[in-house]
Amino acid sequence: MGASDYNEKVLDHFANPRNVGEILNADGIGEVGNPVCGDIMKIYLKVENNIIEDVKFKTFGCGAAIATSSMVTELVKGKTLEAALDVTNAAVAEALGGLPAVKMHCSNLAADAMHEAIKDYMEHHKK
Amino acid sequence: MGASDYNEKVLDHFANPRNVGEILNADGIGEVGNPVCGDIMKIYLKVENNIIEDVKFKTFGCGAAIATSSMVTELVKGKTLEAALDVTNAAVAEALGGLPAVKMHCSNLAADAMHEAIKDYMEHHKK
Amino acid sequence: MRHIYFDHASTTATDPVVANAMLDYMTTKFGNPSSPHYFGRQVRKEVVDARQQLADLIGATADEIFYTSGGSESDNFALKGIAFANQKKGNHIITTQIEHHAVLHTCQWLEKHGFTVTYLPVDEFGLVSVEAVKQAITDKTILISVMFANNEVGTIEPIVEIAALAKEKGIYFHTDAVQAVSHVPIDVKAMNIDLLSLSGHKFYGPKGIGALYIRRGVKIETVQHGGAQERKLRAGTENVPAIVGLGIAAQKALSELKTEKNRLESLRDKLIQGIEAKIPDAKLNGHRLQRLPGNVNFSFRFVEGESLLLTLDMKGIAASSGSACTSGSLDPSHVLLAMGLTHEVAHGSLRLTLGRENTEADIDYMLEVLSEIVARLRSMSPLNEEHTTGIMASEGKTYQKANG
Amino acid sequence: MRHIYFDHASTTATDPVVANAMLDYMTTKFGNPSSPHYFGRQVRKEVVDARQQLADLIGATADEIFYTSGGSESDNFALKGIAFANQKKGNHIITTQIEHHAVLHTCQWLEKHGFTVTYLPVDEFGLVSVEAVKQAITDKTILISVMFANNEVGTIEPIVEIAALAKEKGIYFHTDAVQAVSHVPIDVKAMNIDLLSLSGHKFYGPKGIGALYIRRGVKIETVQHGGAQERKLRAGTENVPAIVGLGIAAQKALSELKTEKNRLESLRDKLIQGIEAKIPDAKLNGHRLQRLPGNVNFSFRFVEGESLLLTLDMKGIAASSGSACTSGSLDPSHVLLAMGLTHEVAHGSLRLTLGRENTEADIDYMLEVLSEIVARLRSMSPLNEEHTTGIMASEGKTYQKANG
Ligand SMILES: Cc1ncc(COP(=O)(O)O)c(C=O)c1O
Ligand SMILES: Cc1ncc(COP(=O)(O)O)c(C=O)c1O
């Protein structure tokens, strides 16, 4: 169940991940990890006026972990925090045109990491 | 364990059995049978002056049963009864150049049938 | 010498189309389908497609097909896998006396490991009675295993009725369909079959591969332990060339099933009628109508089977006596004995199993040769004194000379 | 794209000579060797000859070779066959934590059926301690099963010492030599091995066939029940094409063993040294010297295995992470965990297994590609903050721009 079961779009996001890296002095950072699958995802946010101005990620994990991380950053960039919170793991997988079944529960956690980052921002910027 | 494990000589005796048939008014008749292997051999003797003048056989059985029957008749024809009694199942198998292992104990009974026939003759011609 | 093969129930030649496809998957597309790279990917789809082709042949879905190394493994898998997985529910298995040894010997082993097995008898035609199956069921019965068609005498069992009964009682139903698959139409769904064994080399597919159909939802445990192949139910690196070959063989078998069935049935009936017309004291073994398309099985009184085979072989005709799978043993066929034949008559059985390359001309040649051979062997048989006398009348001169 | 295959421990391409020989036995000489006629006779001798060829490869005699469907079946056969046949003598089995799942899962099943199993640990190099085996022996011990060489890290176990110990204590010794056969010299007689598993597709032979060597006199029962094939110890119609192919593969392997071993060892060492020289924080897994000729296994800190494989695959390089046989599961390799690696590091392992068609040029290309890939993945890894900072210094501008 590896490389070979990924579709073109997933492979593209894996090979050319969007928004990879860190944001220095990020407004919010979220991390989720799953030691059994060996995936750890970290999302960095820059928020301005309730809008996600910038987003970056760093991921240790399989092809699906990297591709979903990349996709989630594309999906939320420029969105309001509320709209970003509506983006689910399932929506990320769908935006990628689907993931192999075996990857669905365990490596598809990028939206969770992004939600964690938003929560982190909210905690530090309580109104 | 069939046809294919027989040597040329066995196949020849099977295909062209010597001395097949019955002797009407035989001096001695011997029969051995082994229902498990499905072999029944019957040997007919014509004896004159202690010499086997003629010998015939009828056999229901596998290739080895028929070939050994044929061979035993060749081996004893013209021999004295004492010499014929010295002919063993092993000697018959040897004269045929050997039999498949699986056939050695169970289908190699032609000498026994011949011995039975000699005994039958002796019982009826006690001196 | 002209060679005629009448032993298709023993094994068949691999279809050249199948064999050539396999060659490619041996040397070029040789990857392990579990591998996450190009070489694994190259064969992944093929394995999926082949599974569908095989499923289509028996009316299953692809995910209900589990590859094995052949019919014997499929039978072992079905019986042991169901037995151990359902031990808490019960420990009783029902089967028949005429099953292949892969079923019978597995059952005997299970008897040593806490299970009880009922071996149902058959009638003179080799038929199992549905009523007898019903009577044998207890509240401990977890599995009924009855072969689809017998490999020796070709009798087709009342599978549909037995499977319906099993379903009604909530008992799993397995059928060893190694001899039936591709020769008669099978639809596991319509027929309520829970588990079905098949073997590739019986229908022009590769040797060393078979399958067990396991209906979705059946509780079974793995029997060959190890890796996670076959959805964790059968360990071992996938035999991709054979899987691909089996798929092609299944597809071809399905497309030809109807016409080939008709063709073989008419050759079979010509052979049966010809033997009955030409050879006295020839007894047809098995059922005259509920019979595999290619199966002919006779006993010839006073004639022993091996000497018959040997003489046929010398004439270029390949046949079998009893099951090829039981050779190596010298016992007469347990199937014929279960049908009530005596040891003597059972020893004299001849099985002719027709297949794809057999023609009318083969049948004609066979009929010509067989009647001569039977007559000759009978003339040598001590069991046949009366008949011999009849024959000896014509051979009298020879005997007189020898005696004179 | 140029494709380089570094996954020979998973499976190998069937040698074209082997495949072509098989073709003939599929379509023309297709008979069942148990059949008493021309078609059976046509293949009987070949089966005998092939058995001898295989026996020669491991120093056995032909009648000690029993064909199976592969390595997994051989392991199941050895363990269950010995366990059930010797139950009266004792119910204790000793094995190791790093065995293939075909051994481990079989042992776990036996534990449910009245046996107790000791799973010995290994040291950081994957070596089993002979002393630990000795300590584990009880008066109930009937079998010791230790693999000849590990399929993931390539460590060669102290088989000779363990087998000698087993012999001294009157305990049967089995070794899973699926990865060792044909790659290192094996002499079952000199090494006191009672049972040995091997698999054809690991040394350029056919898939779907393997063998269990059973020393004459060993008390074992059949595990696949049915017909009388393989001297009544393994039922199922003989897979003649594969048997013939396995014989040819064995003969070729034996003739090439010495030169190919030397050649692969020098390629292996070049690769190991190259990786260590070019890539920081690369940890060699397994033993540096007691190691299969073609095995290279590294963990790269902060890098996950699948993404490494995937990138290598995009560059045309086929490798594996952990065992191909365990894919389908997502757990990290039980072998690496038994050797003391953390989950994280175990996930980052890369196995490269070299074989017949690999050249120096392949190694050079691999070294070039691998160091780039590892650097790139590390730059993306959150586990790697320090290293990233170092790398990011050079990529700083991009980040500033993105942030600005
Ligand atoms: C009815 C039946 N079941 C099982 C088998 C075993 O199949 P295989 O020899 O492919 O293991 C056979 C054939 O020999 C058979 O005829
Ligand atoms: C050490 C070891 N044992 C057993 C096996 C199982 O062999 P096969 O897949 O041929 O059944 C393998 C290979 O996967 C192996 O590497």
Side-chain angles (χ1 to χ4, degrees), chain B residues 1-6 10-27 29-46 53-67 69-70 73 77 100-107 113, chain C residues 7 10 299-315 317-322 324 326-333 336-337 342-349 373 376-385 387-389 391-392 395-404:
Chain B
M1 322 292 106
S4 27
D5 291 322
Y6 294 129
V10 174
L11 290 177
D12 175 44
H13 273 267
F14 169 76
N16 311 295
R18 302 9 166 202
N19 305 305
V20 72
E22 291 171 53
I23 297 176
L24 300 172
N25 308 317
D27 296 323
I29 298 180
E31 183 171 327
V32 296
N34 184 326
V36 174
C37 297
D39 293 328
I40 295 167
M41 304 169 177
K42 202 163 175 181
I43 299 265
Y44 303 81
L45 295 181
K46 191 97 212 156
E53 285 291 318
D54 196 13
V55 51
K56 299 237 172 254
F57 80 91
K58 287 208 141 187
T59 290
F60 164 84
C62 67
I66 291 172
S69 300
S70 166
T73 61
K77 206 168 184 173
V102 74
K103 297 291 183 184
M104 283 303 282
H105 29 282
C106 151
S107 305
Chain C
D7 201 10
S10 171
S299 287
F300 301 100
R301 253 178 98 195
F302 315 128
V303 172
E304 190 275 339
E306 196 208 77
S307 55
L308 192 51
L309 290 193
L310 192 46
T311 321
L312 284 169
D313 186 39
M314 288 171 167
K315 304 268 183 197
I317 296 168
S320 116
S321 178
T326 60
S327 87
S329 126
L330 293 169
D331 297 334
S333 147
L336 297 175
L337 295 180
T342 64
H343 269 243
E344 237 164 75
V345 177
H347 269 298
S349 84
I373 295 176
R376 176 174 166 277
L377 289 172
R378 280 179 173 165
S379 79
M380 291 169 60
S381 175
L383 299 173
N384 186 26
E385 306 284 59
H387 287 252
T388 313
T389 317
I391 292 164
M392 277 184 62
E395 292 188 36
K397 266 176 251 159
T398 321
Y399 282 83
Q400 306 248 287
K401 205 153 85 193
N403 282 346

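B/Lys58 contributes a side-chain N or O that, together with a main-chain N or O of C/Ser379, makes up a donor-acceptor pair within less than 3.5 Å.
Between C/Ser307 and B/Gly61, the shortest heavy-atom contact is OG-O, 3.1 Å. Between C/Glu306 and B/Ala64, the shortest heavy-atom distance links the atoms OE1-N, 4.4 Å. Scanning all heavy atoms of the two residues, the minimum distance from C/Glu344 to B/Phe60 falls at O-CZ, 3.9 Å.
Going from atom CD of C/Glu304 over to atom CD1 of B/Ile40 covers 10.5 Å, rounded to the nearest 0.5 Å.
No side-chain heavy atom of C/Met380 sits less than 4.5 Å from a side-chain heavy atom of B/Ser70.
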